[in-house]
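Structure first, commentary second.
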2 protein chains.
Amino acid sequence: MKSTVNAKDVAKLAGVSQSSVSRVFFDGAKVTEKTRQKVLAAAEELGYRPNEYARSLITNSSKIIGLVMKGVQNPFYPQVLKQFTTSFKKHGYSVLFVHTNNDEIQSEDIETLLNYNVAGVIITDASMSMNVAEAFQVNHIPLVFFNRKLTSSHFHSVCCNNLNASREIAEYLAESGTGPMVYISGNEDTSTSREREQGFAEVLAQRGIAYKKYSSDFSYNGGYETAQKILSDGAVPSAVFAANDIMALGVMDAFRKQGIKIPEQVKVIGFDNIEMASWPAYELTTWEQPIEKMVDETVNYLLGEISEYTGQAQAVEVEGSFVERKTT
Amino acid sequence: MKSTVNAKDVAKLAGVSQSSVSRVFFDGAKVTEKTRQKVLAAAEELGYRPNEYARSLITNSSKIIGLVMKGVQNPFYPQVLKQFTTSFKKHGYSVLFVHTNNDEIQSEDIETLLNYNVAGVIITDASMSMNVAEAFQVNHIPLVFFNRKLTSSHFHSVCCNNLNASREIAEYLAESGTGPMVYISGNEDTSTSREREQGFAEVLAQRGIAYKKYSSDFSYNGGYETAQKILSDGAVPSAVFAANDIMALGVMDAFRKQGIKIPEQVKVIGFDNIEMASWPAYELTTWEQPIEKMVDETVNYLLGEISEYTGQAQAVEVEGSFVERKTT
DNA sequence: TTCTATTTTGAATACGTATGCAAGAAAAAG
DNA sequence: CTTTTTCTTGCATACGTATTCAAAATAGAA
C-alpha cells in the first residue's frame, strides 16, 4: 500500500487537468499564479510528490550522478564524497555511490550506471578501460576523472597541478639539503603518481641531487613497509617525498619505531593535506589539494554538459598550496 | 541520441513478442530455453539493457537503498559505507548516498528518498524526528538505524552490544587500578554514547571506583580539547575511556604533548577499532565493532522486509570483542 | 465594443516495462 | 489417434509523468 497519490488525484482535487499539475512541478513551464496556488494547495493536502521514475522515463534523463570510488581507506576520498554530495544536492541531483574493489572498474558497475541512465559520472581513484569509457561517450553521458587522468586524453579530468606541486616540493627540499632523497610512488599506473614523480625528478636533476624511487600503493601499510625497506637498503635518505599523506604517515611511524628523528635525520613530505596530517602526532608538511575548488570545477563541467552536451574534454588543473609543518 | 534500444526492438530481431523479452530479463518468469537464447542473442547484438525507470514505474518499487550518513570524518563510517555497497551490490541493489550536515536529518533529504521510492533506508550516525520516521512506515519502506537507536523503539536498529562492551572495559580497567577514571562521551543525545557510559558506570559503581564524565563530540579535536580540560582540572586520572577511537586518538596526542606517559600514567581505551587504532603511533586498546556482522544483520533484515513487509522492529545487538594493545 | 494577438489550459499521446488473460503449443494420459 | 492437462506465448493494458496541438481564455489594440 505505497502512498500512490498521483498528479491526476491532485488535478481532481484542484479542479484542473493533470497537465496543469505537471506544469506546476516542472521547472520552466508556464502556469497562472492562480492555478499554481490551487495545485500547490491540493498537493500539500494530499501529500503529493512527483514520481521520479515516471519523470525519468518520459524525459529520458535522470537527476542522478554516478560516483565511483575505490579507496575509502584514504581519508581524502570520504572528504571528496562529502563535498560532491552536498554540492550536487544544491543543484537538485542525488548521488549513486558505486564502490569498486579492483583498480579497474568492473563492467558490472558500468551496467548499473547505464541502467539508471545517470546524468553524469565521476570516477575517483579507480581507472577504466578505454572501450568502457567510450560507452558513456556513445550515450552522451558526461564523464569526469577526478584526481586521475587517462593516458589517452579524450576524457575530461580534474586534478591538482601535480607537476607544479612536486617541483615546488623538490625545490623546497633542495634548499635545505643535497643528500640523496627518496620518492615513494603509489600504484604505478596512476597519473598522479607519475606526475608527482616527474616534477620532483626534474628539479632534482637540475640541482644535481640524486633520488631513489620506491614503489608502493597509496596505503598506510604500504608506506610503513616501504620505510622499512629503505632502512634495510642502507643509509637514511635526507628526505622522503611520499605520493600521498597516508603513506607519509606510515613512513613516519616506521622511522620513529627505529628511533630515527624527523626532521633532524630525515625530512618527510606528503601530498593531499588530509585532516590527520595536522594532528600533533604527525604535523606533516604536505601539499594541500584544494578539494573544494576541484569539486566545484567538476560539478560545473558536469552541469554544463548535462544541460547541453558538447563532448569536449579537457585536463583541468587546479593549483594547490604548500603547507609547512614540522616534518621538514 | 541516447542509446534507446528497447524491449520491442529486441523482440523484433528475435522474432518474439515484447512480453517474452520482458520475461527473459525478469527473474522468476517462465520462458522456454529456446526463446531465452534467441532473446539473449538479440539483446547482446543490440546492446539492450532493461530501463530501470520503466521497471520501477510499473512495479512500483526500486532497487535502490538510501544510505544516510553524517560523520564521514570518522573513519569508521567510510568503512561501513564500503561494506554496505558491496553487500547490496551482490543482491542487485544500488546505494543512493545522502549526506546530512545536521544531527537531525533534513526533511529535504527525506523527500529525495521518497521521490526515488527507495526499497529501504539505512540511517547511520544521524538522528531523525519521530514523525519523519513515520513517513517511511506509512509508505512501508523498511528503515534501520545503524549504530544508533531511537529512544522510542518502534524502529529497527542494529548496534553493537554497547552495554556488555563497556562493562567488560570497566572490569578490565578495574583489575589493574582503582584510581578515579574518566569517561568521554560523544554527542550526548546519541544512544551509543549513553549506553557506553551506562555499562561503564554500572561496573565502576559496584567496585566503588569514581569516574568523571566529560562531554565531547566524537571528533579528534573534541578528544584533544577534552584531554586538555582534564589536565587543567587537576590530577591525571588512572584511565580514560573514550566513546570512540578517534576521540581516544585525540586524547593520546594531547596527553603526550604534555609529556604524560601512556599507559604508565594514564590508560586510554577507545571504541570501534578503526584502522588507525592499530597504527604504531597509537596502538590503541579498544573494542572492536563487528562491522561485517552488523552490516549482514542490517542487509538481511532489509531484504526480508523488502520481499515481504511486516513492519516488525527490533533492537538487534551484535557482540563485539576486546582488542588489547599498548595503551593499557 | 469588436477584433486580433497572446497566453493558458485540457485532451490525447508517448515513454519502456510487467502482467492478467486468452489463445496456442506442447506434453501427458487414455 | 483423441482428449485432457500443463506450459508457453502474444495481445492489450497500466504505471505516472511530460509534452504537442488545438481549443479556450485572456489581454491588447482599435
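Each chain gets a letter, A, B and so on, in the order its sequence line appears, and its residues count up from 1.
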TODO: Please figure out whether Glu52(B) or Arg23(B) has its closest DNA chain C nucleotide nearer the 5' end.
DONE: Glu52(B)
Open item on the list: Using a 4.0 Å heavy-atom cut-off, does Val21(B) contact any base of the nucleic acid, only the sugar-phosphate backbone, or nothing at all?
Closed with: nothing
Task: Aromatic ring proximity, centroids under 6.0 angstrom, Phe146(B) and Phe84(B) - done: yes
TODO: Starting at atom OH of Tyr116(B), determine the distance to atom P of dT17(D), rounded to an integer number of angstrom.
DONE: 14 Å
- [ ] Take the protein atom CG of Asn117(B) and the nucleotide atom C1' of dT17(D), then report the distance between them rounded to whole Å.
- [x] 15 Å
Open item on the list: Classify the ring geometry of Tyr301(B) against His156(B): parallel below 30°, tilted from 30° to 60°, perpendicular beyond 60°.
Closed with: parallel
Open item on the list: Using whole Å, what does the distance between atom P of nucleotide dT9(D) and atom CD of Glu33(B) come to?
Closed with: 11 Å
- [ ] Nearest whole angstrom, please: distance from the C1' of dA14(D) to the CD of Gln18(B).
- [x] 12 Å
Task: N/O (side chain, Tyr48(A)) to phosphate O (OP1/OP2, dT17(D)) under 4.0 Å - done: yes
- [ ] Return the 5'-most residue of the pair Lys34(B), Thr59(A) with respect to DNA chain D, ranking by each residue's nearest nucleotide.
- [x] Lys34(B)
Open item on the list: For Val16(A) and Ser22(B), find the nucleotide of DNA chain C closest to each by heavy atoms; which residue's nucleotide sits nearer the 5' end?
Closed with: Val16(A)
Open item on the list: Taking 4.0 Å as the cut-off, does a side-chain nitrogen or oxygen of Thr32(B) come that near to OP1 or OP2 on dT9(D)?
Closed with: yes
TODO: Check the angle between the aromatic planes of His140(A) and Tyr309(A) and answer parallel, tilted or perpendicular using the 30° and 60° thresholds.
DONE: parallel
Open item on the list: Between Glu317(A) and Lys149(A), does any side-chain N to carboxylate O distance fall below 4.0 Å?
Closed with: yes
Open item on the list: Using only atom types and a distance under 3.5 Å, with no angle test, would you say the side chain of Ser94(B) pairs donor to acceptor with the backbone of Ile64(B)?
Closed with: no
Open item on the list: Output the rounded distance in Å from CG (Asn60(A)) to C1' (dT17(D)).
Closed with: 14 Å
- [ ] Ignoring hydrogens and angles, answer whether the base of dC11(D) and the side-chain atoms of Ser19(B) contain a donor-acceptor pair closer than 3.5 Å.
- [x] yes
TODO: Pick base, sugar-phosphate or nothing for Ser56(B), based on heavy-atom distances below 4.0 Å to the nucleic acid.
DONE: nothing
Task: Nucleotide interval of DNA chain C bounded by contacts with chain B (heavy-atom cut-off, under 4.0 Å) - done: dG16(C) to dG20(C)
Open item on the list: Can a donor-acceptor pair be found, under 3.5 Å and without considering hydrogens, that links the side chain of Asn74(A) to the backbone of Tyr77(A)?
Closed with: no
Task: Comparing Ile58(A) and Ile58(B) on DNA chain D - which has the more 5′ nearest nucleotide - done: Ile58(B)
Task: Whether over 12 other heavy atoms sit under 6.0 Å from Glu33(B) CD - done: yes
